[in-house]
Amino acid sequence: MDFKGFDHSGGPGGGGTRSVKVMIAGGFGTGKTTMVRSVSDIKPLTTEETLTQASADVDHLIGVADKTETTVSLDFGKISLNDTLMLYLFGTPGQERFWFLWNGLFKGALGAVVLVDTRRLASSFRAIEEMERQNVPFVVALNVFPDSRAYPVEEIRDALDIPEHIPVVACDARDRASSRDVLVALIRHLKDRSSVALEPR
């Protein structure tokens with residue numbers, strides 16, 4: 001894939017490596033930490049803590065009853081898509097009580113992936129709304145869990161009210177190649193939005 005226009009912080013054609021901040025967002029238990037872990041070239045930084053009975057009233061486990069840990073701040077990893085493009089990945093916390101952290105995490109982000117669990121579509125409404133509020137370009141990645149039903153993409157698009165120009169792709173967040181393909185889809189989406197080098201906000 002040609003990443004011309006993303007190859008240098010000073011602009012296209014300047015040589016060197018372009019570093020891009022990308023958010024991995026989504027609802028509680030949609031697979032954000034899993035994606036960062038699977039695709040990162042380095043051992044990722046995670047801030048997962050064990051779910052306890054004390055959080056039972058605020059961390060609703062409907063549909064994710066087997067979940068035992070939760071991100072309380074952020075996840076961080078990085079991946080080189082080629083010799084000229086490095087993505088720094090920041091995974092957001094999914095629970096409502098940690099949403100106040102999102103404003104700071106999104107500062108300087110060039111784009112985002114919104115992970116969706118098709119078994120619990122409502123859990124990702126907030127993340128999509130936040131992308132639109134912060135004016136962050138994004139793609140939607142449908143994380144395929146073992147017991148997920150197969151829905152036509154257009155049904156998901158309609159249910160989440162996703163505009164036609166926003167890519168919707170299926171993925172397995174546990175698989176490095178699949179997660180990498182999602183990130184490539186995001187970069188392609190960003191390139192489609194502009195023919196010149198994009199700068200962080």
Taking only residues two or more places apart in sequence, or in another chain, which ones meet Phe125 in a side-chain contact (heavy atoms from CB on, under 4.5 Å)? Ala122, Leu160
According to ring pair (Phe, Tyr, Trp, His ring centres under 6.0 Å), who are the partners of Phe145, at least two apart in sequence or on a separate chain? none
Is it the case that the side chain of Thr33 and the backbone of Asp75 share a donor-acceptor pair, with hydrogens and angles ignored and the cut-off at 3.5 Å? no
Nearest-0.5 Å distance that lies between atom CE in Met35 and atom CG in Asp175: 10.0 Å
Residue pairs passing the salt bridge (Lys or Arg N to Asp or Glu O under 4.0 Å) test where at least one lies in residues 134-147, sequence neighbours excluded: Arg119-Asp147
Heavy-atom closest pair (Gly26 atom, Thr92 atom, distance to 0.1 Å) is N-OG1, 4.1 Å
Could you state the interatomic distance from NZ (Lys78) to OH (Tyr88), rounded to the nearest 0.5 Å? 4.5 Å
Measure the CE-CZ distance between Met131 and Phe106 for me, rounded to the nearest 0.5 Å. 3.0 Å
First locate atom CG of Leu89, then atom CG of Leu45, and finally report the distance between them rounded to the nearest 0.5 Å. 12.0 Å
Looking at Glu129 and Arg133, is any side-chain nitrogen of the basic one under 4.0 Å from a carboxylate oxygen of the acidic one? no
Look only at the side chain of Ser40 and the backbone of Gly77, and say whether a donor-acceptor pair between them is shorter than 3.5 Å. no
If you take all heavy atoms of Val36 and Phe76, which pair is closest and at what distance? CG1-C, 3.9 Å
Is the closest side-chain heavy-atom distance between Leu115 and Cys171 below 4.5 Å? yes
Kindly say whether Arg120 contributes a backbone atom to a donor-acceptor pair with the side chain of Ser123 at under 3.5 angstrom? yes
Is it the case that one hydrophobic cluster holds both Val39 and Val169, taking links as side-chain heavy atoms less than 4.5 Å apart, direct or via other members? yes
Looking at every non-hydrogen atom in both residues, tell me the closest pair between Leu186 and Ala112 and how far apart they are. CD1-O, 3.5 Å
Can you list everything that forms a salt bridge (Lys or Arg N to Asp or Glu O under 4.0 Å) with Glu154? Sequence neighbours excluded, please. Arg157
Does Thr34 have any side-chain contact (heavy atoms from CB on, under 4.5 Å) partners at least two apart in sequence or in another chain, and if so, which? Ala173, Arg174
Verdict with reasoning, Thr17 to Thr84, per side chain to side chain contact (heavy atoms under 4.5 Å, CB included): CA-CA 4 Å; Thr17 299; Thr84 62; 5.6 Å; no
Using a 6.0 Å cut-off, check whether atom CG of Asp83 has over 12 heavy atoms from anything other than its own residue. no
Main-chain N/O of Thr30 paired with Asn143 side-chain donor or acceptor, under 3.5 Å: yes
Verify the cluster assignment for Leu183 and Leu110: are they in a single hydrophobic cluster under the rule of side-chain heavy atoms below 4.5 Å apart? yes
I'd like to know if Val116 and Val144 are part of one continuous hydrophobic network [Ile/Leu/Val/Met/Phe/Trp/Tyr, side-chain heavy atoms within less than 4.5 Å]. no
How many angstroms lie between CD in Glu132 and CD1 in Ile162, if you round to the nearest 0.5 Å? 9.0 Å
Going through the distances and angles, do Arg149 and Thr118 end up as a side chain to side chain contact (heavy atoms under 4.5 Å, CB included)? CA-CA 7 Å; Arg149 286 180 54 190; Thr118 57; 5.9 Å; no
Could I get the full list of side chain to side chain donor-acceptor pair (under 3.5 Å) partners for Ser38, not counting sequence neighbours? Ser179
Under 4.5 Å between side-chain heavy atoms, counting indirect links through other Ile/Leu/Val/Met/Phe/Trp/Tyr residues: same cluster for Ile187 and Val139 or not? yes
Considering all heavy atoms, the nearest Val140-Phe138 contact: CG2-CE1, 3.7 Å
Nearest heavy-atom pair of Arg180 and Leu81: which atoms, and what distance? NH2-O, 2.9 Å
Contacts of Asp41 meeting side chain to side chain donor-acceptor pair (under 3.5 Å) (sequence neighbours excluded), chain-then-number -> Arg176
Which heavy atom in Ala159 sits nearest to a heavy atom in Leu121, and how many Å separate them? CB-CD1, 3.7 Å
If I take atom CG from residue Leu190 and atom CZ from residue Arg193, how far apart are they, to the nearest 0.5 angstrom? 7.0 Å
